[in-house]
Enquirer: 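Dropping a structure here in structure tokens format, bear with me for questions.
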Amino acid sequence: MSTERTPDRILLGPGPSMLPPSVQAALSRPLVGHMDPTLVPMLEAISARLRQTFQTSNELTLAVSGTGTAGMEACLDHTLAPGDHIVVAAAGYFALRI
């Protein structure tokens, strides 16, 4: 592991960003896969904090083990009915799916 010190500055651009040593150390630890049994209690704790954050007691407040895109797909899948039309704007382009 490198003993170089991270410069004392904050880069507020789109990246790369300077990481604090504690974050660098955390990133060097082994990954927990999405099917790892140790992930279940973590997701339950995150879901409980989400309920607290959004001030709800709904047990269906869930943390999604996936990318942000997977989370958005889950939201859309559970709020849209077959035959509904949506508008999707991606990377500044307009797309219409019928």
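Source: prediction; values computed, not measured.
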Enquirer: Using the rule that two of Ile, Leu, Val, Met, Phe, Trp, Tyr join whenever any of their side-chain heavy atoms come within less than 4.5 Å, decide whether Val40 and Ile46 are in one cluster.
Expert: no
Enquirer: Suppose we screen for side-chain contact (heavy atoms from CB on, under 4.5 Å). Which residues come up paired with Thr67, at least two apart in sequence or across chains?
Expert: Thr69, Ala70
Enquirer: Can you give me the closest heavy-atom contact between Leu50 and Leu62, atom names plus distance?
Expert: CD1-O, 4.1 Å
Enquirer: Could you note down all residue pairs passing side chain to side chain donor-acceptor pair (under 3.5 Å) where residues 30-43 supplies at least one of them, sequence neighbours left out?
Expert: Asp36-Thr38
Enquirer: May I have the list of side-chain donor-acceptor pairs in residues 52-60 shorter than 3.5 Å, sequence neighbours left out?
Expert:
| residue | atom | partner | partner atom | Å |
| --- | --- | --- | --- | --- |
| Thr53 | OG1 | Arg49 | O | 2.8 |
| Thr56 | OG1 | Asn58 | N | 3.1 |
| Asn58 | OD1 | Leu60 | N | 2.7 |

Enquirer: Flag the pair Leu76 / Glu73 as yes when at least one side-chain heavy-atom distance between them is below 4.5 Å, and no otherwise.
Expert: no
Enquirer: Just jot down the side-chain contact (heavy atoms from CB on, under 4.5 Å) partners of Ser47, sequence neighbours excluded, or say none.
Expert: Arg51, Ala63
Enquirer: Can you name the side-chain contact (heavy atoms from CB on, under 4.5 Å) partners of Val23, sequence neighbours left out?
Expert: Leu19, Pro20, Leu27
